[in-house]
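Working notes, structure below.
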There are 2 protein chains.
Amino acid sequence: MSANGTQAIDRAAELLSLVVLADEPPDFGHLVSDTGLPKSTASRLLQALERHRLVRRDGEGAYGAGPLFAAYASRHDPIDDFIALAQPTLERISAATGETVNLAVARGQDVTQVAQVDSTYLLGTTNWLDVDVPAHCSALGKVLYAAGLIPVPNRTLEARTPHTITDPRKFRRHLDTVRAKGFAQALGELEIGLDAVAAPVIGRSGDVVAAVGLSGPSGRIKNKLPQLGSLIKEHAQALSSVLGHQPRKEGAA
Amino acid sequence: MSANGTQAIDRAAELLSLVVLADEPPDFGHLVSDTGLPKSTASRLLQALERHRLVRRDGEGAYGAGPLFAAYASRHDPIDDFIALAQPTLERISAATGETVNLAVARGQDVTQVAQVDSTYLLGTTNWLDVDVPAHCSALGKVLYAAGLIPVPNRTLEARTPHTITDPRKFRRHLDTVRAKGFAQALGELEIGLDAVAAPVIGRSGDVVAAVGLSGPSGRIKNKLPQLGSLIKEHAQALSSVLGHQPRKEGAA
DNA sequence: GCACAATGAACCATAATATGGAATCTTTGT
DNA sequence: ACAAAGATTCCATATTATGGTTCATTGTGC
């Protein structure tokens, strides 16, 4: 039962979501079976959506997102959409941990933090969005290095703390570990007493497009690293699914 | 009067289009006045659209495109959307002239043709999508040079025909003319007997993002250059409007 | 601080729309 | 030539969407 007086719109919107989010363009039969609507009802609703440029139909009858979506996409900076899509994930990580949560992308050879949810603790971290962080000292940076989105330097790296990895060969081996584990950690490497974990976000194409991570004081982070590592990986994978990434199925030929 | 049995969807879709295509995020009052709907009807429809993630509302009550649009945008190559949006314009130019119509963008230092509508004449031109054309000999290339999207060479240019401009300083002055007139022409510069005109397509940001042009044999093109120049400019400006470009208003402060 | 206007959501009697089974049409396969 | 499948159209009617009215909240002017 729909909210009062919007059943037709609810049904049309359900059809529209199926079309827009489909991995393969669905045909009429799939839309009928997926929604359980009678054929005449589905036909009428789809024709209305097509008339309003919300869906389009190709020559073989398969449905896709219509020109209104293309118009939207052509008018907006994709990073804004990505940030908007990622925001619920950042908030879930924050809700689960209470720590500062960040999203970062590679821009040129730098790590740019594009979104943040602040810590719920009084002892948290700064607003990183305005801070120029050396990538080799941060978990987010290590993820983007490991993915090859920024070139790994061959020179001796800056020692921000005694814990910072400065030898480039050691740093490369460290990135191998990041790849193997599926997440990065930075323990007092940027600042004594500040720890972080981060994991890669994978786009529809299968490539890493961003890193999502959390940070806080060592006293809260250090003893929970395996759990926090798993948590950040899971949330990063969930966000990757929202972006359309289909993880390789086990047992595939 | 709507098509049979889709009035509610028609109304909801009208609201949605207004929101998605608005230059500034509209508030509830604007949507009511723009559509003529009673407040209670508009409120119910907008709540349904919000519930289905087609619109979102910011803290101050202004409406914007919802997460479904962001999800779409994050999953699609923007050039595909741009080509889809441009296709009706190319078809209108083709209908008006019968000549081969192309859309081109700058990729690196090259001109890439991304869409074409073939000539309706038997004597037309080739499928340019697969042809690597020297940019200085083509109307499309001159538009992209003039816009600064590809760097203007300082060396002597390749002479493809006796009409090709090869002196770089003369070529730069020629590009000044292109900017002044608002469209480019290439008369037998790529191939004897082959003429073309092209105009810039401007994105929402105000920058040139593409060139749209037409080409054909000199016998059909040469005598109509002023008309074809005006036509291609008008259609390029219409496409720019679809992309959200707002031309500077005359008499503005 | 108060009166009033503006904004936007909720209510509900009822007008009118959206429904969906059946019929029909078109295309494809045998 | 005929059957099957897919999709659209028709139309009696069940049910929904409508919109005038009311209400709650917020903003503004005095």
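Here is the naming used below: chain letters follow the sequence lines, and residue numbers restart at 1 for every chain. Predicted, not measured: the structure shown is a model, and the values here were computed from it.
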OP1 or OP2 of D:dT18 versus the side-chain N and O atoms of B:Arg11: is any pair under 4.0 Å?
yes
When the distance from CD of A:Gln47 to P of D:dA7 is rounded to whole Å, what number comes out?
12 Å
Grab the CD-C1' distance between A:Gln7 and D:dT16 for me, whole Å please.
7 Å
Starting at atom CG of B:Leu46, determine the distance to atom C1' of D:dA17, rounded to an integer number of angstrom.
15 Å
Hey, does the side chain of A:Arg44 come within less than 4.0 Å of C:dT19's phosphate (OP1/OP2), counting only N and O?
yes
Expressed as a whole number of angstroms, how long is the span from B:Leu15:CG to D:dA17:P?
15 Å
Taking the side chain of A:Ser40 as heavy atoms from C-beta outward, which of C:dT17, D:dT9, D:dG19 is closest to it?
D:dT9
Between OH of B:Tyr63 and C1' of C:dT7 the distance, given in whole Å, is 11 Å
Ring centres under 6.0 Å, that's the criterion: do A:Phe69 and B:Phe69 meet it?
yes
Return yes if some donor-acceptor pair links the side-chain N/O of A:Ser94 with the main-chain N/O of A:Leu90 below 3.5 Å, else return no.
no
Whichever of A:Lys39 and B:Leu45 has its nearest DNA chain D nucleotide further upstream toward 5':
A:Lys39
Using whole Å, what does the distance between atom P of nucleotide D:dT8 and atom CZ of A:Arg51 come to?
13 Å
Can you measure B:Asp58 atom CG to C:dG8 atom P for me and round it to whole angstrom units?
12 Å
Under 4.0 angstrom between B:Ser43 side-chain N/O and C:dG8 OP1 or OP2
no
Closest to the B:Pro38 side chain, choosing from C:dG20, D:dT9, D:dG19
D:dG19
Hey, does the side chain of B:Thr41 come within less than 4.0 Å of D:dT18's phosphate (OP1/OP2), counting only N and O?
no
For DNA chain D, whose closest nucleotide is more 5', that of A:Ile9 or that of A:Arg57?
A:Arg57
Which nucleotide wins on minimum distance to the side chain of A:Phe28, given the candidates D:dT8, C:dG21, C:dC11?
D:dT8
Rounded to the nearest Å, what distance is computed from the CG atom of residue B:Asp27 to the C1' atom of nucleotide D:dG27?
14 Å
Which heavy atom of A:Ala104 sits nearest a heavy atom of A:Leu140, and at what distance?
CB-CD1, 4.0 Å
Exercise: identify the closest heavy-atom pair between B:Ile9 and A:Ala12
CD1-CB, 3.9 Å
Closest non-hydrogen atom pair between B:Gln87 and B:Ala115, with its separation
OE1-CB, 4.5 Å
